[in-house]
Amino acid sequence: MALQKVKGNLERMFDKNLTDLVRGIRNNRDNEGKYIAQCLEEIKQELRQHNIAVKANAVSKLTYLQMLGYDISWAGFNIIEVMSSTKFTEKRIGYLAASQSFHQDTEVLMLATNMIRKDLNSTSQYEAGLTLSSLSCFLSPDLARDLANDIMSLLTSTKPYLRKKGVLLLYKVFLRYPDALRPAFPRLKEKLEDPDPGVQSAAVNVICELARKNPKNYLSLAPTFFKLMTSSTNNWMLIKIIKLFGALTPLEPRLGKKLIEPLTNLIHSTSAMSLLYECINTVIAVLISISSGMPNHAASIQLCVQKLRILIEDSDQNLKYLGLLAMSKILKTSPKSVASHKDLIMSCLDDPDDSIRLRALDLLSGMVSKKNLMEIVRKLMSHMAKAEGTTYRDELLTKILEICSQNDYQYISNFEWYVSVLVELSQMEGGSHGGKLAHQMMDVAIRVETIRPFAIEQMSLLIENSSVLLKSGRHTSAAEVLYAACWLVGEFSDLLAKPRQALVSMLQGLSPQLSPHIQATFVHNILKLYSRLEETDSEIDGMILSKLEELVCSANLEVQERASTALQLVKSISNPDLGEEGLRKEIQVLYGGELNPVGPKAQKKVPVPEGLDLDAWINEPPAESEEDEEIEENLAQVFFKEDETDRAKKSPTEPSEQELADMRAQRIANQSSNPNYLKSYTPTSPSKQAASLNGVDEIGIQPIDLDVPLYIPGLKSADSYFNIESSRERKHKKKKKKKAKKVESSSEEDD
Amino acid sequence: MIHFLLIQNRQGKTRLSKWYSPYTDAEKLDTKAQVHKLVASRDQRQQSNFVQYGDQKIVYRRYAGLFFCACLDAADNELAYLEAIHLFVELLDGFFGNVCELDLVFNFWKVYAILDEVLLAGEIEETNTKVIRARLEYLEKLE
């Protein structure tokens, strides 16, 4: 027996303690897994011993291993054993292991309830404090329920250390077991006036957190907090109280009015940046909730903006970021006060930190006006040129489009400039926003009649150079733009100066590389252009026919269908036997008439003729027959202009065509006489509908990074609209031309 | 409130992790990796110390080779918690005397004890350094 004991002691001498374990792991970096497995075996051995000190040693090693990522949940019972030790140092190890590895649902916790209770009520404040700290990590609803009373009695303990910990732990208890809140609340309130500042601030903390979840209940405490705010000098506590007031003011506007004065005092007096920031935030929140009417508010807003400007100008990145953040909140309520600081924000755009840049970008979009729009967009575009291949560039692009199209293009005075901006953007690299660009181009060209000739010229140039655009690997952006370009060229082909050339370039641009919906649109618009041609041209006929025959074999249904339809049409036109002049005129009728954008409420303006009951069944049900009718309707509308007269014809009793024609003529007259009228555009036109059915997909093609921006001669650059034409810019353009020539020649070599 | 506090070195090894909200073990591992990726790639001099992390934010500071990261709610005052982190580091420095990473590795349970004095249940507990230091000295004597 004695021998065993001696043997045991000898073995214990060779036990590793924590330091040895850590050293061993660091020394065995190559075979760490094996070494740790070995250590784990030893630990399991140690845990089987009866000696608590040995077990404590083992548990401390386990805690370290847990930190490295190994699971130690199998040792739960042993951990509880160590927790029950009478020695404080061993107990501490046990509780630490528990706080690291136990969680709410650990089953062994149930065994520990009584022991934890005993520890909470222990005479030594450090033991109780230890328990409180660890308890916060694995407090389960059951434990919370059982121990709530003990913790509450701790609130009245003589030692402030325990009172403080108890208060903070109560918050966790409330989270797990909400019923404990009601009885505990009065005691918690008392703690707000506790003589010890630590306990006081702990109580403030807890109440602030509670109030954030449920502000109404804590409104009654507002006077106490007000007193605390004006009397205390503890910045941490002040921050919490001010935040609490920020949460309460939406409920109680009078509170807000009372707050403004002490808050402004604090803003003037404090030197702590964190407190200043918090005050400014709350003042903004208060001002948002109070309806503006009092003259003081302008002064307080000015003060805030002033202070924020100081923050933004500071060289510390953190302060800049926070300043911009708060500015954007002010922007929502009083944009004018922010507008005067535009220059500062523009300079923030150059900041190396991209989170600051993004904030500045957000701010700018709120500050746009007619005068500064061009300047801002120019600046943003120069940024885009610098920021290659990042999400920041995409953000920039989206922002540019957003601010330009705000409020139906409210801020754009020169649409030519905007079209050239769009064209330039499409030449820029990468990004997944080709769809948006395309949409914008079409939107502008359709709604702004005067700009159409210019836009069409630019579009046809784009198509001519589409092969260059595509080859440089900018598939995503440029391809979608081609979709818009070819549609516009086809639709407004009467405005083209050289339709034949445009047709040729479209044929050349139509490559199988493009995505299917773009190909389909190309085919369709080639047909449109073709019908506009004045005279036959066997060369063009041959080109079209060969191209279409290629496409008839395409894998995509839409392309195939369109190609084969177009093929037949072209064949019949170009066939000399069939009197092509007449046929040509017929085809032109297909595309005759302008596609008027239909207002969204236009249908409602059509008076329902008498005797027509829109809710009555047209036929006998079942529903299938109606579906068929609809499908037929849609097919029939592919080549016909869709307008109210046609729709009306399909109803059993029709309104008189004359009436409708009169209404339309009148409306058109009104619109054309009003120079400011921008026709709203709804996608009811059939070709757009059919095209959009395929969806604007994102093409996941890897872009090839080219440093060199392309210069396509003839395409207007947006800068030409600025009177500021420095020689530097001219030189830059010359360099671009040279580089572009190099690129073009090299791409031709690749052919 | 603070959801978790992480001390990681530049290679991504976690020297201390304290979780004040319920996270499963898998989530903990995941979070550690994500935070390290977010924080380690930022430029100390030019970028701010606050990062968005889902709907929460991470406030961090780099001291020598260690990143001290705290995860806060969206409404919390970042500058205040940055100060709290600094307070914690100052306490560590005072306790260990010119603290280095190895001190934190070998005496990790003491580090947890110090942390428990500063933060409890995700809230700032005590900010008076004299009080905390006195208590820590007492606890040392018990060993």
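Quick note on labels: first sequence line is chain A, next is B, and so on, each numbered from 1. Heavy atoms only: backbone and side chains are in, while hydrogens, waters and symmetry mates are out.
- Of all the listed residues (B/Lys28, B/Gln52, B/Arg15, B/Lys32), the one sharing the greatest number of non-hydrogen pairs under 4.5 Å with chain A is B/Arg15.
- The shortest side-chain heavy-atom distance between B/Leu102 and A/Arg26 falls under the 4.5 Å cut-off.
- Only the side chain of A/Thr89 comes within contact range of chain B, with at least one heavy atom under 4.5 Å from a heavy atom of that chain.
- Ranked by heavy-atom pairs under 4.5 Å with chain B, the first of A/Tyr95, A/Tyr277, A/Phe138, A/Tyr171 is A/Tyr277.
- Interface remark: of the candidates A/Lys320, A/Arg92, A/Met273, A/Arg92 forms the most heavy-atom pairs closer than 4.5 Å to chain B.
- Using a 4.5 Å cut-off between heavy atoms, A/Leu319 contacts chain B through its side chain alone, with no backbone atom that close.
- Side-chain atoms of A/Tyr161 and B/Val131, non-hydrogen and from C-beta on, never get closer than 4.5 Å to each other.
- A/Lys172 places a side-chain N or O within donor-acceptor distance of the main-chain N or O of B/Tyr20, the cut-off being under 3.5 Å.
- A/Asn318 places none of its side-chain heavy atoms less than 4.5 Å from the side chain of B/Glu78.
- The contact between A/Ser274 and chain B is made by backbone and side chain atoms together, counting heavy-atom distances below 4.5 Å.
- At a 4.5 Å heavy-atom cutoff, the contact between A/Leu322 and chain B is made by side-chain atoms alone.
- Taking CD from A/Gln66 and OG from B/Ser17, the interatomic distance works out to 7.0 Å, rounded to the nearest 0.5 Å.
- For B/Ile124, the parts sitting under 4.5 Å from any heavy atom of chain A are the backbone and the side chain alike.
- A/Lys240 has a carboxylate O that lies under 4.0 Å from a charged side-chain N of B/Glu123, or vice versa, which qualifies the two as a salt bridge.
- Here the CD1-CG distance, from A/Ile239 to B/Leu79, works out to 8.0 Å after rounding to the nearest 0.5 Å.
- Separation of atoms OG (A/Ser99) and OH (B/Tyr112) is listed at 7.5 Å; rounding is to 0.5 Å.
- Two residues are said to be in side-chain contact when any heavy atoms from C-beta on lie closer than 4.5 Å; A/Leu96 and B/Phe108 meet this criterion.
- A/Arg212 has a carboxylate O that lies under 4.0 Å from a charged side-chain N of B/Asp76, or vice versa, which qualifies the two as a salt bridge.
- Within a 6.0 Å radius of NZ in A/Lys159, other residues, nucleotides and ligands contribute more than 12 heavy atoms.
- Residue contact with chain B, scored on non-hydrogen atoms closer than 4.5 Å, involves the backbone and the side chain of A/Leu168 alike.
- B/Tyr138 touches chain A through its side chain: at least one heavy atom from C-beta onward sits under 4.5 Å away, while N, CA, C and O do not.
- When heavy atoms are compared at a cutoff of 4.5 Å, A/Tyr64 approaches chain B by way of both its backbone and its side chain.
- For chain A, the option among B/Thr24, B/Asp25, B/Asn77 with the highest count of heavy-atom pairs below 4.5 Å is B/Asn77.
- Residues A/Cys137 and B/Lys18 have side chains in contact (heavy-atom distance under 4.5 Å, counting atoms from C-beta outward).
- Within the 4.5 angstrom heavy-atom criterion, atoms from both the backbone and the side chain of A/Glu278 approach chain B.
- With contacts defined as side-chain heavy-atom distances shorter than 4.5 Å, the pair B/Arg135/A/Gln125 does not qualify.
- For A/Arg23, the parts sitting under 4.5 Å from any heavy atom of chain B are the backbone and the side chain alike.
- Looking at A/Asn205 and B/Glu125, their side chains never come closer than 4.5 Å, going by heavy atoms from C-beta outward.
- Most heavy-atom pairs under 4.5 Å with chain A, from the set B/Thr127, B/Leu139, B/Leu120, B/Asn107: that is B/Leu120.
- Side-chain atoms of B/Phe106 and A/Leu18, non-hydrogen and from C-beta on, never get closer than 4.5 Å to each other.
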